[in-house]
Amino acid sequence: MKPLSGFRDLLPPDFARRHYITTQWRDVARRYGFVEFDGPMLESAELYQKKNSGGEILTQLYQFTDRGERVLALRPEMTPTLARMVAAHHRSFSKPLRWFNIGSSFRYERQQRGRWREFTQWNCDLLGEQSVAADAEIIGLLIDALRSFGLGPNDVVIRLSDRLAWQEFLQKHHVPFERMGEFLGIIDKMEREPREKTEEKLAAFDGLSFELLQEFLASPEVPILAPLLEELSARGLRDYVRPDLSIVRGLAYYTGIVFEAFALHGGLRAVAGGGRYDQLIEHLSDGAVSLPAVGFGMGDAVLLELLQLVPQAAKQEQSWMERHHPCDIYLVIAAQEHRPMAMAVAQQLRHEGWGVLFSLTPERVGKQFSAAEQTKARFAVVVGEEWPQVKVKNLSTREEVILPQEELNNWLNLKT
RNA sequence: GUGGCCGUAGCUCAAUGGUAGAGCUCCAGGUUGUGGUCCUGGCUGUUGCGGGUUCGAGUCCCGUCGGUCACCCCA
């Protein structure tokens, strides 16, 4: 029996890696004053089909009908759920909201490197604030998260764009606003399609040409992004960001800045993506609530690979793992008549917060030290003929001391 | 959905068409209070599945299923 394609069994070593990632995510979010929320993984499919919500993601929906004939979908992303929740409950909270979530999302697409059908995503959103400062705050959070993993400007880059720049471009060339979506689709694919194909699609737009787009894309200054870039410079984060108007993103609901964080190793895949969506909440609430919002999602799939490709990041992860072994102390029970004393010591140490292991069945002392080695415990405590004293051995330096068992806790606290 | 590559032990892989193997892992030992090495032994296979060619198929052919990578798009 195997798990479904695109789904993963997380064995303890896999789980530990994901735990490392989610721990960093939570810590950075806390430093930015974000609070955690959660919502259902299953939603009415209608939530994603509502106007201005879905985009191409609709083709990847895990959708089915339940026993009550309701059409449901596993969430393909968190933002619609968030928008729904915020629209209903925002009056209970002072603005702006800084909310984050860590959980599974599901997309029905073919599995490949860095892409799964169920993945863990970290979602951060700042709601009720439309200033550039909010954009800078959210991008700052994204960059600091990447930095917290040991990723530098040579490992990851944030390609930053603004749909308003394209909106102005279309206005200038007298293209009606209703055709914005269609136009952004062309920009989105421009990088990946042959020039002829783009030109063919562009023919439907009077007054636009391939050269015109090229020229606009190549413009060295993007005035609309200047204030944001300035603030990021002030934060010392400018090195991570590269203005790039070719980024427009597939989701339909973005209204302002849009960005994607790309890994610069192992085949350039997006680690995170997001943008401003000032109208989504209004649309989903049928006009009842209007809140500007900006946010991003970061997935675990690419991150897990990237952390192994970047030496500094891999080293940092390794060091974290070593500091978070489940076992601090391995009790060596020298002979079975000492077992009751050992159990008392184990119970006391565990009560004091130490991770303690020992052999459940009688074993030779040598075997017990081998087992201690395997658990990667830092100390072995030998309970035996010295009682009521115990012998403590530092397993990496092989130093031994004998001390009264009631002083164990203090001694260990001093040594760790 | 389209295309390439690959299916042999728990894992990584080997076996010019001629008796299915190795390393690692795991388990048990190496006699009484000290380790990662080392030594000995043990477990695990419908060679993904079905058909065909052949005296004989893990190997060649056809089909099928599964995995994987890439495209599309993106976390």
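FYI, side chains are in, hydrogens and waters are out, and symmetry mates aren't considered; it's all heavy atoms of this structure. In what follows, chains carry the letters A, B, and so on, assigned in the order in which the sequence lines appear, proteins first and then strands, with residues in each chain numbered from 1.
- Contact between the side-chain N/O atoms of A:S370 and the OP1/OP2 oxygens of B:G36 is found at a separation under 4.0 Å.
- Across all strands, A:V332 comes closer than 4.0 Å to no nucleic acid atom at all (heavy-atom distances).
- A:R98 and A:E36 are not joined by a salt bridge, as no carboxylate oxygen comes within less than 4.0 angstrom of a charged side-chain nitrogen.
- In this structure, A:R117 is positioned above the aromatic face of A:Y108, its NZ or CZ under 6.0 Å from the six-membered ring centre and within 45° of the axis.
- Looking at heavy-atom distances under 4.0 Å, A:Q112 makes contact with a base.
- Each of A:L232, A:V157, A:I143 was evaluated against A:Y240; a single residue qualifies, A:I143, per the side chain to side chain contact (heavy atoms under 4.5 Å, CB included) test.
- Evaluation of atom-type donor-acceptor distances gives a pair under 3.5 Å for the side chain of A:R110 against the base of B:U2.
- Base-pair partner of B:U31: not found among the strands shown (Watson-Crick or G-U wobble, both distances under 3.5 Å).
- B:G45 and B:C11 have their P atoms separated by 13 Å, given to the nearest Å.
- In this structure, OH of A:Y330 is placed 14 Å from P of B:G35, rounded to the nearest angstrom.
- Within the 4.0 angstrom heavy-atom criterion, base atoms lie near A:R107.
- Among the atoms of the strands shown, none is found under 4.0 Å from any heavy atom of A:S105.
- Closest approach to the A:R249 side chain among B:A75, B:G35, B:G33 is made by B:A75 (side chain taken as heavy atoms from C-beta onward).
- Residue contacts shown for A:G297 are limited to sugar-phosphate atoms, with no base heavy atom under 4.0 Å away.
- Contacts of A:K391 with the nucleic acid, taken as non-hydrogen atoms under 4.0 Å apart, include base atoms.
- Heavy atoms of A:D300 sit nowhere under 4.0 angstrom from any nucleic acid atom.
- At the heavy-atom level, A:L303 lies nowhere under 4.0 Å from the strands shown.
- B:C72 atom C1' lies 17 Å from atom CD of A:Q111, rounded to whole Å.
- Here, B:C55 and B:C38 have their C1' atoms 49 Å apart, quoted to the whole Å.
- Remark: P of B:A75 and CG of A:L74 are 18 Å apart, rounded to the nearest angstrom.
- Side-chain contact annotation: A:Q318 with A:R323, donor-acceptor N/O pair under 3.5 Å absent.
- In terms of phosphate contacts, A:R364 brings a side-chain nitrogen or oxygen within less than 4.0 Å of OP1 or OP2 of B:G30.
- Residues A:R18 and A:T22 have side chains that never bring a donor and an acceptor to within less than 3.5 angstrom of each other.
- We find that CD of A:E305 is positioned 12 Å from C1' of B:C69, with the value rounded to whole Å.
- Between B:U59 and B:G17, the two C1' atoms lie 7 Å apart (nearest whole Å).
- B:U46 is unpaired under the criterion used here, namely a Watson-Crick or G-U wobble arrangement in which both key atom distances are under 3.5 Å.
- When the P atom is used for both B:U40 and B:A22, the distance is 14 Å, rounded to whole Å.
- Between B:A9 and B:C43, the two C1' atoms lie 10 Å apart (nearest whole Å).
- Along RNA chain B, the nucleotide nearest to A:E118 and the one nearest to A:G366 differ in position, and the one closer to the 5' end is contacted by A:G366.
- Within the 4.0 angstrom heavy-atom criterion, only backbone atoms of the sugar-phosphate kind lie near A:V271; the bases stay farther away.
- In terms of position along RNA chain B, the nucleotide closest to A:S5 lies nearer the 5' end than the nucleotide closest to the other residue of the pair A:S5 and A:A272.
- Using N1 to N3 plus N6-O4 or O6-N4 for Watson-Crick, or N1-O2 and O6-N3 for G-U wobble, each under 3.5 Å, B:U37 pairs with nothing.
- For the C1' atoms, the distance from B:C5 to B:C73 is 23 Å, rounded to whole Å.
- Side-chain contact, A:S104 with A:E118: a donor N or O sits under 3.5 Å from an acceptor N or O.
- A:R269 has no side-chain polar atom (N or O) that falls below the 4.0 Å cut-off from OP1 or OP2 of B:C69.
- Between B:U32 and A:Q336, no contact under 4.0 Å exists linking OP1 or OP2 to a side-chain N or O.
- Here, B:U8 and B:G67 have their P atoms 14 Å apart, quoted to the whole Å.
- Nucleotide B:G35 holds its P atom 8 Å from the CZ atom of A:F369, rounded to whole Å.
- Across all strands shown, nothing is found opposite B:C72 as a Watson-Crick or G-U wobble partner with both distances under 3.5 Å.
- Donor-acceptor pairing under 3.5 Å is lacking for the side chains of A:D300 and A:W122.
- The backbone N or O of A:V356 sits less than 3.5 Å from a side-chain atom of A:R350, completing a donor-acceptor pair.
- Using atom C1' as the reference point in both B:U46 and B:U34, the two lie 48 Å apart (nearest Å).
- Nucleic acid contact class of A:E386 (heavy atoms, under 4.0 Å, all strands): base.
- Pairing for B:A20 is absent, with no Watson-Crick or G-U wobble pair whose two atom distances lie under 3.5 Å.
- Rounded to an integer number of Å, the gap from CZ of A:R398 to C1' of B:U37 is 10 Å.
- The base of B:G35 has none of its N or O atoms less than 3.5 Å from a complementary donor or acceptor on the side chain of A:K367.
- Checked options A:R242, A:R159, A:E191; the residue passing with A:I247 is A:R159 (criterion: side chain to side chain contact (heavy atoms under 4.5 Å, CB included)).
- For A:E400 against B:U34, a side-chain N or O and a base N or O form a donor-acceptor pair under 3.5 Å.
- Under 3.5 Å, the side chain of A:E109 and the base of B:A75 form at least one donor-acceptor pair of N or O atoms.
- Judged by Watson-Crick or G-U wobble contacts below 3.5 Å, the nucleotide B:G58 has no partner.
- Taking atom CG of A:N101 as the reference point, atom P of B:A75 lies 15 Å away to the nearest angstrom.
- Using a 4.0 Å heavy-atom criterion, one finds that A:Q368 contacts no nucleic acid atom at all.
- Per the geometry, CZ belonging to A:R75 stands 15 Å off P belonging to B:A75, to the nearest Å.
- Among the atoms of the strands shown, base atoms are found under 4.0 Å from some heavy atom of A:W116.
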